[in-house]
Protein chains: 2
Amino acid sequence: MSLVRVHNFSVSLDGFGAGDGQQLDAPFGHAGHRLMEWAFPTRTFTRMGFHGDGPGSVGVDEAFASRWATDIGVEIMGRNKFGPQRGPWADEEWRGWWGEDPPFHTPVIVLTHHPRPTLEMDGGTTFHFVDAQPAEALVRARELAGGRDIRIGGGTNTVRQFLAADLIDEMHIVVVPILLGRGARLWDGLEGLDERFRIEPTTSPSGVVHLSFARRR
Amino acid sequence: MSLVRVHNFSVSLDGFGAGDGQQLDAPFGHAGHRLMEWAFPTRTFTRMGFHGDGPGSVGVDEAFASRWATDIGVEIMGRNKFGPQRGPWADEEWRGWWGEDPPFHTPVIVLTHHPRPTLEMDGGTTFHFVDAQPAEALVRARELAGGRDIRIGGGTNTVRQFLAADLIDEMHIVVVPILLGRGARLWDGLEGLDERFRIEPTTSPSGVVHLSFARRR
């Protein structure tokens with residue numbers, strides 16, 4: 001059975017997965033780049049174009065970061081990760097933040113109440129726009145995944161909804177030692193989540209704490 | 001100049017320093033003992049009577065736990081740490097949770113809007129009941145501290161108020177991997193706190209993460 005996984009999902013020490021005021025030139029709102037700065041120097045993110053031309057770091061941050069694509073056959077993301085527009089599509093010209101060759105290289109299900117035609121991008125990424133609850137979206141994702149695993153790509157509300165529905169098998173959360181004070185809270189309404197997961201923390205020289213959540217068997 | 005310090009202050013992964021429903025038989029509310037379980041086996045807490053008669057553990061949890069009394073001349077605590085009563089004292093017979101020989105062995109300032117006579121306990125602990133804002137309380141604390149440091153002992157709201165007033169120099173916070181979902185939030189309203197502190201995480205075999213906050217100079 002394919003697993004449902006979360007990777008490289010950062011939260012502030014006070015539990016925000018994104019800041020306040022998300023918009024076109026600030027996808028993480030007032031958080032800026034601070035939630036993802038640990039990741040940019042890694043080999044995985046360097047190869048996605050985030051950090052110059054070097055080989056990228058290969059320490060513990062890379063060890064975690066690199067797992068995001070392994071054995072993944074499909075991603076599910078929320079509308080707000082795909083783009084800054086809300087409500088009916090004012091502009092179907094928007095094709096995501098990532099240019100014509102997005103880094104996913106698999107089918108991607110974009111959850112939205114406003115479906116639109118499937119978008120075939122370069123490099124194997126295809127965006128499917130689906131109006132569905134988490135459990136229904138997983139049925140569609142498994143059809144597209146070719147037996148491989150399913151990544152829940154965010155944003156914050158999407159990850160929280162899948163956790164609340166108890167649909168996630170493993171999860172890599174990165175606690176960044178900043179206090180955002182406002183934005184989208186990951187942990188709200190998840191009392192007792194620790195009863196369903198073994199949680200293992202690992203520190204990094206970059207200052208973040210990697211938390212590995214593995215479903216208790 | 002004496003320092004203002006916080007030690008052994010535990011929060012859940014979702015940032016609660018105590019659960020909901022604090023009362024006489026549940027000082028941490030629905031959190032029960034879960035926020036402090038990491039500490040009970042340590043030598044420091046074993047000697048306070050929390051964990052049988054053994055010598056107590058001496059690993060990283062003890063290394064952090066043992067610092068709480070070193071060079072401390074006075075503690076400041078909130079009324080809610082001293083006891084479960086709220087409002088005017090219905091019962092001045094209440095002398096704290098800790099029996100006749102509390103573990104503090106220094107003067108202790110109890111912040112309350114309802115002052116009452118000073119309580120001299122065994123072993124050097126004296127409870128002074130003071131109606132004051134954080135900065136005023138520190139003035140009184142320095143008079144009592146004999147040149148040594150000042151510990152802010154909690155509870156959650158008291159620590160948060162001293163942080164908000166930028167009165168804390170160093171802080172040891174323990175992140176316990178549980179999700180309480182409700183209770184008293186430590187981090188609310190502290191946006192940008194990380195600009196004032198260097199924050200160093202350390203993991204422990206017990207599963208918690210020790211966070212050391214040191215004021216940036």
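Chain letters run A, B, ... following the sequence lines, proteins first, then strands; residues in each count from 1.
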Given a strict heavy-atom distance threshold of 4.5 Å, which part of B:F197 is in contact with chain A: side chain, backbone, both, or neither? neither
Measure across B:R34 and A:D194 and return the closest heavy-atom pair with its distance rounded to 0.1 Å. NH1-OD2, 4.5 Å
SB check B:R185 A:D188 (cutoff 4.0 Å): yes
For B:D91, is the CG atom crowded, meaning more than 12 foreign heavy atoms sit under 6.0 Å from it? yes
Spacing of B:E191 atom CD and A:I178 atom CD1 [to the nearest 0.5 Å]: 10.0 Å
Chain B contact via A:L180 - side chain, backbone, both or neither, heavy atoms under 4.5 Å: backbone
At a 4.5 Å cut-off on heavy atoms, which part of A:F16 comes close to chain B: side chain, backbone, both, or neither? neither
Can B:D14 and A:L186 be said to form a side-chain contact (heavy atoms from CB on, under 4.5 Å), step by step? CA-CA 9 Å; B:D14 48 353; A:L186 178 61; over 6 Å; no
Taking side chain as everything from C-beta outward and backbone as N, CA, C, O, which of these in A:S12 sits under 4.5 Å from a heavy atom of chain B? Side chain, backbone, both or neither. neither
Pick whichever of A:I199, A:V209, A:L190, A:L13 has the most heavy-atom pairs under 4.5 Å with chain B. A:L13
Count the heavy atoms belonging to other residues, nucleotides or ligands that lie under 6.0 Å from NE2 of B:H33, then report whether that count exceeds 12. no
In terms of heavy-atom pairs under 4.5 Å, which option from A:S204, A:G207, A:P201 contacts chain B the most? A:P201
Quick check: are there more than 12 heavy atoms from other residues, nucleotides or ligands sitting under 6.0 Å from CD of B:E143? yes
Does a sphere of radius 6.0 Å around CD in B:Q133 hold more than 12 heavy atoms from other residues, nucleotides or ligands, not counting ones at 6.0 Å or beyond? no
